[in-house]
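Proteins come first, then strands; the chains are lettered A, B, ... in the order of their sequence lines, and each starts at number 1.
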Amino acid sequence: MMKNMEVAWLFDQTADLMEIAGDDAYRVRAYRQASRSIADLDEDIETLYQQRRLQEIPGIGKELGKKIGEILTTGSFSFYDRLREKVPAGLVIMLELPGLGPKSVRSIYQGLGITSLEELEQAAREKKIRGLPGMGSKTELGILRGIEMLKGRGGRVPIGLALPLGEEMRSYLAGLPEVQGVEFAGSLRRWKDLVGDIDLVASVAETDWEKVLGGFAQHPRIKKVLEADPQRALVQTVLGVNIELIVVSPREFFLTVFRDTGSKAHWSALERYAADRRPDFSVGGCSSVSEFEKMVYLSLGLEYIVPELREDRGEIDAAASGTLPALVEVSDLRGDLHLHTDWSDGVNQLEVMVDAARRRGYEYIAITEHSKFLTISRGLTEERLLQQVEAIGKINRENPGLRVLTGIEVDILGDGQLDLPDHVLAEVDLVIASIHSGFRQEPERITRRLLAALENPNVDIVAHPTGRMLARREPYAFDLELVMRTAVQTRTALEINASPDRLDLNDEHARRFTEMGGVLAINTDAHDCRRLDDIRFGVMTARRGWVSADRVINAWPLDKLLEWLNRGD
DNA sequence: GCCGTTTTCGGCCCGACTGTTTTCAGTCG
């Protein structure tokens with residue numbers, strides 16, 4: 001299925017280039033829709049191509065079908081190649097700066113001949129940007145701030161992109177006859193939200209190292225080899241993500257994975273802790289990395305510390321005193337409380353989403369469409385919401401197995417008012433409030449909006465509380481500490497939005513909030529039933545935040561959840 | 001570039017906010 005991601009990625013890049021080149025906006029949108037629709041496919045696009053069924057994909061017609069064929073046979077397509085000659089690659093990166101869109105990038109390119117972030121930064125510092133039509137000092141400031149953000153990201157990619165690619169490469173390697181074992185290491189094994197390189201360690205007899213590294217570099221996803229030595233290869237993939245493969249002899253395998261999982265800070269802390277004792281790395285007879293790691297920790301008098309906790313945030317002391325928390329697991333979750341269907345901007349019918357949730361084994365879900373303010377998402381009016389409540393009532397009567405809670409994701413408007421009146425919100429089982437506008441307001445104003453939502457007794461959850469988009473948008477500036485304190489007081493849950501684009505709250509916020517006494521909801525915010533599986537990203541974020549299942553409202557049994565929803569606050 | 005019980009041409013989710021303006025273009029969700 002990685003081919004699907006590649007084609008989707010190429011079409012998305014094409015759309016970026018077309019926009020900068022000033023192509024027709026609807027044509028651009030056709031590429032974007034095609035990209036999304038291919039990324040969401042649950043069939044392999046190569047299979048569809050071979051069966052001549054490409055045009056069954058929504059948004060793919062004759063032209064794009066031909067281009068997909070070109071990509072699958074040659075790795076690229078001529079329209080894209082021509083665009084790349086016309087539009088400097090650096091301009092596409094500028095699109096990632098908040099506030100800069102294709103028109104501005106084009107104007108900067110044409111007016112000043114700037115083609116890279118470095119040149120752009122210099123021009124902004126020299127106050128040359130404000131000479132362009134429609135741009136002033138705030139645009140310059142925004143550019144400089146945006147460049148800082150990109151630097152801070154340091155080329156890391158969201159785990160939602162890295163993990164599927166890593167999983168594919170891992171199973172490819174696992175299938176090679178010379179490979180006796182292969183594991184992730186590094187930040188990916190620790191489930192960090194942003195991942196630098198994908199680290200893989202393979203257990204291979206020394207005589208086969210060269211063969212395995214060579215075979216790895218030949219994989220079609222690999223674009224170029226950046227560094228290579230007898231035990232190691234650093235390669236760049238088609239998606240712009242780097243993979244580092246280390247091959248080690250079987251007897252070194254577990255220890256290498258353990259060490260390379262890091263984090264550096266955890267290992268330093270471990271070495272400080274172990275200064276006067278000796279970790280036993282020679283333990284034998286283990287059948288897995290985690291079993292080996294368990295034995296090593298045990299030799300130091302420590303409880304097992306799972307990879308996602310290895311950040312030097314107090315885990316060693318806790319392991320020494322036997323006070324590591326029992327972390328929430330995917331299997332603890334009994335439902336998903338933030339879902340969209342085609343009643344607003346989701347892709348599936350209500351019934352399809354309900355079926356998918358039942359197949360997943362959930363006891364309950366909540367349907368929470370957008371409210372009317374978000375016209376672009378076909379947000380629900382009061383009337384439509386009440387119609388949906390009726391429709392859900394019918395589903396519940398016909399499907400005793402799974403309880404579907406009625407709900408709404410109501411917008412917190414620019415002035416702190418909610419987008420629907422209280423008497424309407426009172427009609428549904430669960431109310432999520434969230435911000436989708438006015439991200440650049442004064443911090444005090446954003447804080448006030450969030451506090452107003454928390455203090456509304458109808459509001460049960462505040463979704464994606466900081467508004468960040470991973471690697472794309474910083475959180476909005478506001479007083480998160482005060483918001484969390486207030487949420488504890490009003491007994492409102494904050495969300496860990498499990499969408500790999502968001503992961504918001506993040507791990508550290510989730511930890512802080514639950515330590516203050518707050519409760520969380522871990523939700524996918526799925527707009528497509530296939531995205532229900534994203535829940536793993538949210539659960540891992542919670543685990544990295546030391547969260548146990550009792551702090552997660554959708555890990556509670558239905559009767560306890562209902563009781564909580566009816567709490568007076 | 002896609003799509004069609006409004007169609008094979010002429011549509012294609014739209015409204016708020018921001019920063020730049022002196023009435024609006026560009027960006028964003």
Spell out protein contact along nucleotides 19-26 of chain B as letters: B when the base is contacted, S when just the sugar-phosphate is, - when no protein heavy atom is under 4.0 Å; keep the 5' to 3' order. SS-----S
Could you tell me how far apart [X] ([atom1]) and [N] ([atom2]) are, to the nearest whole angstrom?
{"X": "A:Gln441", "N": "B:dC17", "atom1": "CD", "atom2": "C1'", "result": "9 Å"}
{"X": "A:Ile376", "N": "B:dC28", "atom1": "CD1", "atom2": "C1'", "result": "8 Å"}
{"X": "A:Phe373", "N": "B:dG15", "atom1": "CZ", "atom2": "C1'", "result": "8 Å"}

Ordered by number, residues from residues 84-92 of chain A within less than 4.0 Å of DNA chain B (heavy atoms) are none
DNA chain B contacts made by residues 30-47 of chain A, counting heavy atoms under 4.0 Å: A:Ala30, A:Tyr31
Using only side-chain N and O atoms of A:Lys67, determine if any of them is under 4.0 Å from OP1 or OP2 of B:dG1. yes
Would you say A:Arg29 reaches B:dC13's phosphate, i.e. side-chain N/O to OP1/OP2 under 4.0 Å? yes
Which value, in whole Å, describes the distance between the C1' atoms of nucleotides B:dC24 and B:dC13? 23 Å
For the P atoms, the ones on B:dT20 and on B:dT27, what distance do you get once it is rounded to whole angstrom? 13 Å
Does A:Thr341 offer a backbone N or O that forms a donor-acceptor pair with the side chain of A:Asn348 under 3.5 Å? no
So what does A:Asp345 touch, heavy atoms closer than 4.0 Å: a base, only the sugar-phosphate, or nothing? nothing
Give every residue pair that meets the ring-ring contact (aromatic ring centres under 6.0 Å, His included) criterion with at least one member in residues 108-139 of chain A, sequence neighbours excluded. none
What residue pairs, at least two apart or across chains, pass ring-ring contact (aromatic ring centres under 6.0 Å, His included) with a residue in residues 125-149 of chain A? none
Donor-acceptor pairs under 3.5 angstrom involving side-chain atoms of residues 87-105 of chain A: please list them, not counting sequence neighbours.
unit_1	atom_1	unit_2	atom_2	d
A:Glu96	OE1	A:Arg153	NH1	3.2
A:Glu96	OE1	A:Arg153	NH2	2.8

For A:His338, enumerate each residue passing the ring pair (Phe, Tyr, Trp, His ring centres under 6.0 Å) test, keeping only those at least two apart in sequence or located in another chain. A:His340
Under the rule for side chain to side chain donor-acceptor pair (under 3.5 Å), what residues qualify as partners of A:Arg36, not counting sequence neighbours? none
Residues which pass side chain to side chain donor-acceptor pair (under 3.5 Å) with A:Thr14, listed by chain and number, not counting sequence neighbours: none
Contacts table for residues 60-80 of chain A: side-chain donor-acceptor under 3.5 angstrom, sequence neighbours left out:
unit_1	atom_1	unit_2	atom_2	d
A:Lys67	NZ	A:Tyr31	OH	3.2
A:Glu70	OE2	A:Ser78	N	2.8
A:Thr73	OG1	A:Gly69	O	2.8
A:Thr73	OG1	A:Glu70	O	3.3
A:Thr74	OG1	A:Glu70	O	2.8
A:Thr74	OG1	A:Ser76	N	3.3
A:Thr74	OG1	A:Ser76	O	2.8
A:Ser76	OG	A:Asp81	OD1	2.8

For residues 424-439 of chain A, which side-chain donor-acceptor pairs fall under 3.5 Å, sequence neighbours excluded?
unit_1	atom_1	unit_2	atom_2	d
A:Asp429	OD2	A:Thr406	N	2.9
A:Asp429	OD2	A:Thr406	OG1	3.2
A:Ser434	OG	A:Glu409	OE2	2.7
A:His436	ND1	A:Asp411	OD1	3.2
A:His436	ND1	A:Asp411	OD2	3.2

Using a 3.5 Å cut-off and no angle test, enumerate the donor-acceptor pairs between side-chain atoms of residues 412-423 of chain A and protein atoms at least two apart in sequence or in another chain.
unit_1	atom_1	unit_2	atom_2	d
A:Asp415	OD1	A:Gln417	N	3.0
A:Asp419	OD2	A:Ser371	OG	2.7
A:Asp419	OD2	A:Lys372	N	3.0
A:Asp419	OD2	A:Phe373	N	2.5
A:Asp422	OD1	A:Asn456	ND2	2.8
A:Asp422	OD1	A:Asn458	ND2	3.4

